[in-house]
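What follows is one structure encoded as structure tokens, with my remarks underneath.
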Amino acid sequence: MSVTSIYERLADMNKAYLWHPFTQMKEYNNSDPLIIERGEGVMLYDIQGRAYYDGFSSVWLNVHGHNVPELNLAITDQLGRVAHSTLLGMANVPAIELAEKLVQITPEGLTKVFYSDSGATGVEIALKMAFQYWYNRGRRGKKTFITMNQAYHGDTIGAVSVGAIPLYHATFSPMLFSSHVIPYPYAYRQDGGAKSASEATLAALRNLLEEQADQIAALIVEPIVQGASGIVVMPQGCLREIAALCRRHEVLLIADEVATGFGRTGAMFACDLEGVSPDLMVVGKGLTGGYLPVAATLATDEVYDAFYADYGEQKTFFHGHSFTGNPLGCAVALASLKLMEERRMVQGVSTQASLVAKKLETLADWKHVGEVRQQGLMIGIELVQDKASRKAYDWTDRMGVRTSLRARELGMLTRPLGNVVVFIPPLASTEAELAAMTDILAKAIWDVTEGGWGA
Ligand SMILES: *Cc1c(COP(=O)(O)O)cnc(C)c1O
């Protein structure tokens, strides 16, 4: 069969059988689907042989690039032993070794690792642990959660209950438990900028805690960078203040590091940037280098000890998933962390980040670029209709989508968040690759905002 007919056959089957996430299928089915066949380094190749830079790390997961010999070997080695056995009543070698490693590299005080298989399940676990922590301690009034405006913590019902993006979450509101929502410090959209955004957040949190801390189990936050809301970077010092307020009012702090973890922000974890030690921390996405679905929820001794009792006291954490502690996933996570250390990748992020910042400097002057936001190798470029008034493009203009489509045509993959163009390259990207990717990014933005491409 010719390449064209293979493509057409797969495209038809894709249309016939697949339902894609976060996708209006009616629209998608009217487009020519991109069908990936393989990857190599920071490149992905479609089945027609076209090459694309993976400019969003396959939705923020990828660390070392694709088809990495060391990671492949870790999986095949483990596969020769056992693909999966359970953590219900027994352990396995990679799950134990990875747990030790995670405790070593995460913020001080986190000492216990509970595995799951996605960021959302990791968040569910953190929420349930926080709730039962207070329950086990006899403080049964503490049962609600605080989240932040425009927060995203995954798509299962508990995670959606602490989500605050109306487009994704409003439909399901009758299914959800209610949470307190405080403002997220979004400096660009706050008169008075970073300082007043930060103050608004902290004032709202302080008021809420002073009135209701005895009814609140935990606050959940995407530390330093709120991802899905549009790569929004917190003003300096805000996270540290949030953590201090929670501590003072006996409310647990859950750090959702699913997007920010493993070097992405320039530190191993975003919490490290401000010396914050949460009570519970969720990691996923980059944990396995972006290879396999493993997530983990880490807890302090204090949390763990509230569950640690004679069986008859009924303090057990009754939660688990079939693939908890999957050996293949844990093995590749260990190999990924080893490579990160050997190649000093976290230390390298600041150099890479400066290069990207320099390349994107000129964009800040462009008429339709409202703000270029960056923390390490997480970059979001907010496009606006009017720079002076910060007036947003109407969603029907589809500026983010059009920019991504143009970037794809120019040889780079990414996915927008509304009017925010996202650039989250694999940590392993070389300087030349970063330069090539930022060139495509800039050209795509220019062609759409100034050239009317795709209008
Ligand atoms: C992606 C993400 C999640 C959800 O992770 P999944 O693996 O997609 O379930 C949770 N929190 C944050 C901050 C994320 O970016």
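Both counts, for ligands and for their atoms, begin at 1 and track the order of listing. The model shown is predicted, which means the values in this text are computed figures rather than measured ones. In this chain, residues are counted from 1 in sequence order.
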Tabulated below should be the N or O atoms of ligand 1 paired with protein N or O atoms at under 3.5 Å; can you produce that?
unit_1, atom_1, unit_2, atom_2, d
ligand 1, 5 (O), Gly119, N, 3.4
ligand 1, 7 (O), Gly119, N, 2.8
ligand 1, 9 (O), Gly119, N, 3.3
ligand 1, 9 (O), Ala120, N, 2.8
ligand 1, 11 (N), Asp256, OD1, 3.3
ligand 1, 11 (N), Asp256, OD2, 2.6
ligand 1, 15 (O), Lys285, NZ, 2.6

Subject >> side-chain hydrogen bond (donor to acceptor under 3.5 Å, both in side chains) partners of Ser173, counting only residues at least two apart >> reply: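 Listed in chain order: nothing, the list is empty.
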**OP:** Before giving the answer on side chain to side chain donor-acceptor pair (under 3.5 Å), spell out for Ser58 and Asn62 the whole-Å C-alpha distance, their side-chain angles and the decisive distance to 0.1 Å.
**Re:** CA-CA 6 Å; Ser58 297; Asn62 194 278; 5.5 Å; no
Does a donor on one side chain and an acceptor on the other come within less than 3.5 Å for [X] and [Y]?
X      : Y      : value
Glu124 : Thr121 : no
Tyr186 : Gln226 : no
Asn72  : Tyr291 : yes

Original post:
So do the side chains of Val276 and Leu253 get within less than 4.5 Å of each other, counting heavy atoms only?
Top reply: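 They are in side-chain contact.
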